[in-house]
Amino acid sequence: MLVEVQHTMGDSMEQGIRTFRMYLVQTAWTCSDSGVIFGPQWSVLRSEIPGDASAAMTNDDQPTTLPRRQLGRFLREAREGRGFSMERAAQLVELSKTALHRIETGGVKKLRIRDVQALCDLYDVGGADTDRTVELAKQAQASSWYTTFGGLYGDSTFTMYVGLAASAREIAAYNEIVIGLTQTPDYARALIGGFYRDSSADDIERRVELRMKRQSILTRGTDPVKLEVLLHESALHRVVGGPRVMAAQFRHLAELSKLSNVSVRLHPYSAGCAWGLFHGAFVILDFGTDGRRRQIAPPLVYLEGSGKPDLYMEDADDVRRYHEIASAIRRSTLDETRTRDVLRRAARSYAQ
């Protein structure tokens, strides 16, 4: 379905407002049998900004990388699940090993549908999943400033964010509740159970267990993710699961903040609003560089949809703007030692 949307946004935080049209394509997908969520997805195909020389954008100007990464991840896991080496799989579908590697790492801008279909056939991917994979390959060629996928709670067996976080080198997150990577089981259970009100206890426990497993990216022996948490003071007062749960959560967060790769800083009420804005929660993911100091993948900003589709922004100006917001927040936070003390005091208060 083609939709024309009138949208207004600031060219920057200091400059005036411009109007542009976005032509969007929606594809309504569901969670596949293999646990991969395909949709709902909205991709910007074309932007028209009055008076802007960049109005006529083509697919080669600024292709989205998120659908390509998602597609590559799916095909890689399908190949590994069937026990094929990359070299053997490439040979059987008449691709070079380099070409298959580029597909699996999201490095191919213009995917050939016949290659995707051939790989799905080789890996014995089901018909419905093959159709969705082909559709994703088509979406991967669309030009976009941002991409939206099914919300965080669409299905806990997989979300786009989980895969991105696992491959990130650095994560900076601002939130007004304790973020998933640092939650205790009871805190997570209270949040997940509140959302999945009609789910069985077993289903909720499965989701909690998966969330806890994902936290291993912080403590894995090789190249653990570097995490910076900017936590608003309101998280100390927003009771989740009751006093006992809150006490345990803040003790855990204080201890976690002692890890060399984890930083937790509290943003107090007295600091006001960074940039005079109520910007909401956000996550910045950086994927680092390779041995030649080339970007492994472009950094991006993730905005959780809270039941609506999650939003991912890759445009360099958007990423820079959120880095600047994070810096403004950081300048008005408590330092790590004072934050740890406040967390421990909060834990003792809830334990009484």
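Positions are given from 1, in the same order as the sequence printed here.
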Compare every heavy atom of [Y] with every heavy atom of [X], then report the nearest pair and how far apart it is.
X: V240; Y: A190; answer: CG1-CB, 3.6 Å
X: A137; Y: V116; answer: CB-CG2, 3.9 Å
X: P224; Y: N261; answer: CB-ND2, 3.7 Å
X: V125; Y: A78; answer: CG2-CB, 4.3 Å
X: A274; Y: A328; answer: CB-CB, 4.0 Å
X: S332; Y: H267; answer: OG-NE2, 3.0 Å

Taking the six-membered ring for Trp and the single ring otherwise, decide whether the centroids of H279 and Y174 are under 6.0 Å apart.
-> yes
Quick one: pull up [atom1] in [X] and [atom2] in [Y] and give me the separation to the nearest 0.5 Å.
X: Y302; Y: I284; atom1: OH; atom2: CD1; result: 14.0 Å
X: K258; Y: S263; atom1: NZ; atom2: OG; result: 15.0 Å
X: E87; Y: T98; atom1: CD; atom2: OG1; result: 10.5 Å
X: E176; Y: H237; atom1: CD; atom2: NE2; result: 12.0 Å
X: R214; Y: M212; atom1: CZ; atom2: CE; result: 10.0 Å
X: L231; Y: I329; atom1: CG; atom2: CD1; result: 11.0 Å

Around atom [atom1] of [X], are there more than 12 heavy atoms from other residues, nucleotides or ligands closer than 6.0 Å?
X: R244; atom1: CZ; result: no
X: Q295; atom1: CD; result: yes
X: F278; atom1: CZ; result: no
X: R338; atom1: CZ; result: no

Test E104 against every option in R76, K97, R79 by the salt bridge (Lys or Arg N to Asp or Glu O under 4.0 Å) rule and name the one that passes.
-> R79
Short N-O contact, [X] and [Y], less than 4.0 angstrom:
X: E255; Y: R251; value: no
X: R189; Y: E205; value: yes
X: R320; Y: D317; value: yes
X: R207; Y: D203; value: yes

Stepwise, does the side-chain contact (heavy atoms from CB on, under 4.5 Å) test hold for V264 with R340?
-> CA-CA 8 Å; V264 180; R340 197 174 297 121; over 6 Å; no
Strictly by modelled atom types, are T182 and H252 linked by a side-chain donor-acceptor pair under 3.5 Å?
-> no
Would you tell me whether R88 and Q91 have side-chain atoms, one donor and one acceptor, within less than 3.5 Å of each other?
->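 Yes, a side-chain donor-acceptor pair sits under 3.5 Å.
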Polar side-chain atom of [X] near backbone of [Y] as donor-acceptor pair, under 3.5 Å:
X: Q215; Y: G180; result: yes
X: T184; Y: Q249; result: no
X: T333; Y: R330; result: yes
X: E170; Y: D286; result: no
X: S349; Y: R345; result: no

Can you check side-chain contact (heavy atoms from CB on, under 4.5 Å) on T133 and F74, steps first, answer last?
-> CA-CA 8 Å; T133 306; F74 177 76; 3.1 Å; yes
Residue pair [X] / [Y], side-chain heavy-atom distance below 4.5 Å:
X: L95; Y: R112; value: yes
X: L71; Y: L75; value: yes
X: V208; Y: R211; value: no
X: V178; Y: Y187; value: yes
X: L227; Y: L256; value: no
X: V319; Y: M313; value: no
X: K226; Y: R169; value: no
X: V245; Y: Y350; value: no

D202/R206 under side-chain contact (heavy atoms from CB on, under 4.5 Å): CA gap, chis, key distance, verdict | CA-CA 6 Å; D202 287 344; R206 177 182 67 87; over 6 Å; no
L119 vs L100, side-chain contact (heavy atoms from CB on, under 4.5 Å): CA-CA, chis, key distance, verdict = CA-CA 10 Å; L119 289 167; L100 180 55; 3.9 Å; yes
Just say parallel, tilted or perpendicular for the rings of F84 and Y123, cut-offs at 30° and 60°.
->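 Ring orientation of F84 relative to Y123: tilted.
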